[in-house]
Amino acid sequence: MRIAYETAAAPGRPHNEDFVVAGPDWVAVLDGATAPAGVASGCVHDVPWLVARLGGALAHRLATGPREGLPDLVAAAIRDTMAAHGNVCDLTSPDSPSSTMAVLRRRGDVLDHLVLCDSPIVLRHTGGAVTVVDDDRLDHLPGGRPYSRELVRGLRNRPGGFWVASVVPEAAYEARAGSVPLADVSGALLATDGVTRLVEAYGWTWERLVAVAGSDGPGRLIAEVRAAELEHGAPYPTAKVHDDATAAWVTW
């Protein structure tokens, strides 16, 4: 596998809450959720700590463990991260730090993929068509946006709500996961919503997103999203004008 990736914090922010990690035949992209101001998470750790721990735990298991299914590996990584919190954090808090996950792994002649929450994987097929593997349950909570904090915390990692990597290992088994023959796919893009807002808010198509990643690399996507943010502003009224942005482009 050939993996190119780029990640950048939102302009003006000191920390990047996205995380990307890759190995010889796998790559994972994470997007940590920023708690609203004044919300007590019950955790002494910040979001960059969470995504680094979670990504590191997953990387260790992908690199050294048996060829388990991706949901099993993600569940184990969540358990490892929960243990790393020690006894100083309240892991029962509904506002505990959380993250999306997008994982791609080559396994012989098969390509395994997993998406948990809104960091999709776009598969470019050998004939040129694209398939978007996404988990859009966060976009379909009752009542529509803007969501109240009480609604989100009440439906996080609950049936009928949405699922994220946090303190519920069972969330891994609610991810959108599957496999495709490697011969059917010529490239794959993993991205956080700081990049996919090009499609979701700024008029791009998934085909254009993949084409630019393939021709100019993932860094060009970040440059394009920064230009669109400056020109058009936030993608919806309650959104941030700028967000952390990460993209990984994979070929073989």
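None of these values were measured; they are calculated from a predicted model. All residue numbers refer to positions in the sequence shown, counting from 1.
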Run the side-chain donor-acceptor check on residues 59-70: report pairs under 3.5 Å with partners two or more places apart or on a different chain.
{"unit_1": "R61", "atom_1": "NE", "unit_2": "D80", "atom_2": "OD2", "d": "2.7"}
{"unit_1": "R61", "atom_1": "NH2", "unit_2": "D80", "atom_2": "OD1", "d": "3.2"}
{"unit_1": "R61", "atom_1": "NH2", "unit_2": "D80", "atom_2": "OD2", "d": "3.3"}
{"unit_1": "T64", "atom_1": "OG1", "unit_2": "H60", "atom_2": "O", "d": "2.6"}
{"unit_1": "R67", "atom_1": "NH2", "unit_2": "D25", "atom_2": "OD2", "d": "2.6"}

For residues 245-252, please give each side-chain donor-acceptor pair under 3.5 Å, one per line with the distance, not counting sequence neighbours.
{"unit_1": "T246", "atom_1": "OG1", "unit_2": "T7", "atom_2": "OG1", "d": "2.5"}
{"unit_1": "T246", "atom_1": "OG1", "unit_2": "D18", "atom_2": "OD2", "d": "2.9"}
{"unit_1": "W252", "atom_1": "NE1", "unit_2": "V185", "atom_2": "O", "d": "3.1"}

Query raised in the report: What about V130 and V195, same hydrophobic cluster or not, with Ile/Leu/Val/Met/Phe/Trp/Tyr joined at side-chain heavy-atom distances under 4.5 Å?
Result: yes
Requested in this report: Would you give the length of the straight line joining atom CG of D90 to atom CG of N87, rounded to the nearest 0.5 angstrom?
Outcome: 12.0 Å
**Report entry** Distance, nearest 0.5 Å, that separates CG of L114 from CD1 of I121
**Finding:** 7.0 Å
Requested in this report: To the nearest 0.5 angstrom, please state how far the OG atom of S119 sits from the CG atom of L190.
Outcome: 9.0 Å
Report summary line: Looking only at heavy atoms, the pair that brings C117 and V164 closest together is SG-CG1, 3.6 Å
Report task. Would you check if the side chain of R53 reaches a backbone N or O of A84 as a donor-acceptor pair within less than 3.5 Å? Result -> no
Requested in this report: Taking the side chain as every heavy atom from C-beta outward, state whether V133 and P120 have any pair of such atoms under 4.5 Å apart.
Outcome: no
Query raised in the report: Are M82 and M101 linked, directly or through other ILVMFWY residues, by side chains that come within less than 4.5 angstrom of each other?
Result: yes
Query raised in the report: Taking 4.0 angstrom as the limit, do R226 and E229 come out as a salt bridge?
Result: yes
Query raised in the report: So, Y5 side chain and V20 main chain: donor-acceptor pair closer than 3.5 Å or not?
Result: no
Query raised in the report: Quick check: does any side chain N or O of S93 sit under 3.5 Å from a backbone N or O of S41, one acting as donor and the other as acceptor?
Result: yes
Query raised in the report: Remaining members of L230's ILVMFWY cluster at a side-chain heavy-atom cut-off under 4.5 Å?
Result: none
Query - Gap separating the CD atom of E174 from the CH2 atom of W163, nearest 0.5 angstrom - result: 4.5 Å
Query - Closest non-hydrogen atom pair between A213 and L189, with its separation - result: CB-CD1, 4.0 Å
**Report entry** D139 and R145 ion-paired at < 4.0 Å
**Finding:** yes
Query raised in the report: At their closest point, which heavy atom of T126 faces which heavy atom of A183, and how far apart are they?
Result: CG2-O, 3.1 Å
Query raised in the report: Hydrophobic cluster mates of V241, side-chain heavy atoms under 4.5 angstrom, ILVMFWY only, any path?
Result: none
Query raised in the report: Among pairs that include at least one residue of residues 72-115, which meet ring-ring contact (aromatic ring centres under 6.0 Å, His included), considering only residues two or more places apart or in two chains?
Result: H45-H85, W49-H85
Query raised in the report: Distance-only, no hydrogens or angles: does the S179 side chain make a donor-acceptor pair with backbone N or O of V110 under 3.5 Å?
Result: no
Query - Side-chain donor/acceptor of R106 to backbone N/O of G108, under 3.5 Å - result: yes
**Report entry** Heavy-atom donor-acceptor pair, S186 side chain to R124 backbone, under 3.5 Å
**Finding:** yes
**Report entry** All side chain to side chain contact (heavy atoms under 4.5 Å, CB included) counterparts of E170, not counting sequence neighbours
**Finding:** V168
Report summary line: Those residues at least two apart in sequence (or on a different chain) that pass side chain to side chain contact (heavy atoms under 4.5 Å, CB included) with A201 are P235
Report task. Enter the distance from E17:CD to D46:CG here, rounded to the nearest 0.5 Å. Result -> 7.5 Å
Report task. Look only at the side chain of D109 and the backbone of P181, and say whether a donor-acceptor pair between them is shorter than 3.5 Å. Result -> no
Requested in this report: Dump the intermediate steps for side chain to side chain contact (heavy atoms under 4.5 Å, CB included) on L151 and L141, then the final yes or no.
Outcome: CA-CA 8 Å; L151 177 73; L141 300 184; 4.2 Å; yes
Requested in this report: For S215, enumerate each residue passing the side chain to side chain contact (heavy atoms under 4.5 Å, CB included) test, keeping only those at least two apart in sequence or located in another chain.
Outcome: none
**Report entry** For the student: nearest non-hydrogen atoms of N157 and S166, plus distance
**Finding:** ND2-CB, 4.2 Å
Report task. Following the transitive rule for hydrophobic clusters with a side-chain heavy-atom cut-off under 4.5 Å over Ile, Leu, Val, Met, Phe, Trp and Tyr, establish whether L221 and V210 coincide in one cluster. Result -> yes
Query raised in the report: Could you go step by step and tell me if D95 and R153 meet the salt bridge (Lys or Arg N to Asp or Glu O under 4.0 Å) rule?
Result: CA-CA 7 Å; D95 296 307; R153 71 204 303 261; 2.8 Å; yes
**Report entry** Working for side chain to side chain contact (heavy atoms under 4.5 Å, CB included), residues I78 and V167
**Finding:** CA-CA 7 Å; I78 293 173; V167 293; 6.0 Å; no
**Report entry** Other ILVMFWY residues reachable from Y173 by side-chain steps of under 4.5 Å
**Finding:** none
Query raised in the report: For the side chain of T100 and the backbone of D118, is there at least one donor-acceptor N/O pair under 3.5 Å apart?
Result: no
Query raised in the report: Has the side chain of D244 got a donor or acceptor atom that lies under 3.5 Å from a matching backbone atom of N16?
Result: no
Report task. Working to the nearest 0.5 Å, report the span between CZ of R137 and CG of L116. Result -> 7.5 Å
Report summary line: The remaining residues in the hydrophobic cluster of V88, counting side-chain heavy-atom contacts under 4.5 Å among Ile, Leu, Val, Met, Phe, Trp and Tyr, are V44
**Report entry** Hydrophobic cluster membership, L104 vs I3, 4.5 Å side-chain cutoff
**Finding:** yes
Query - Pairwise ring-ring contact (aromatic ring centres under 6.0 Å, His included) hits with a residue in residues 187-217, at least two apart - result: Y202-H232
**Report entry** Set of ring pair (Phe, Tyr, Trp, His ring centres under 6.0 Å) partners for H15, sequence neighbours left out
**Finding:** none
Query raised in the report: So, for C43 and C89, which heavy atoms are closest and what is the spacing to 0.1 Å?
Result: SG-SG, 3.5 Å
Requested in this report: Please report the shortest heavy-atom distance between L50 and S99, naming the atom on each side.
Outcome: CD2-N, 4.1 Å
Report task. Output, in order, the C-alpha distance, side-chain angles, deciding distance and verdict of side chain to side chain contact (heavy atoms under 4.5 Å, CB included) for R13 and D243. Result -> CA-CA 9 Å; R13 292 184 59 186; D243 196 4; 4.2 Å; yes
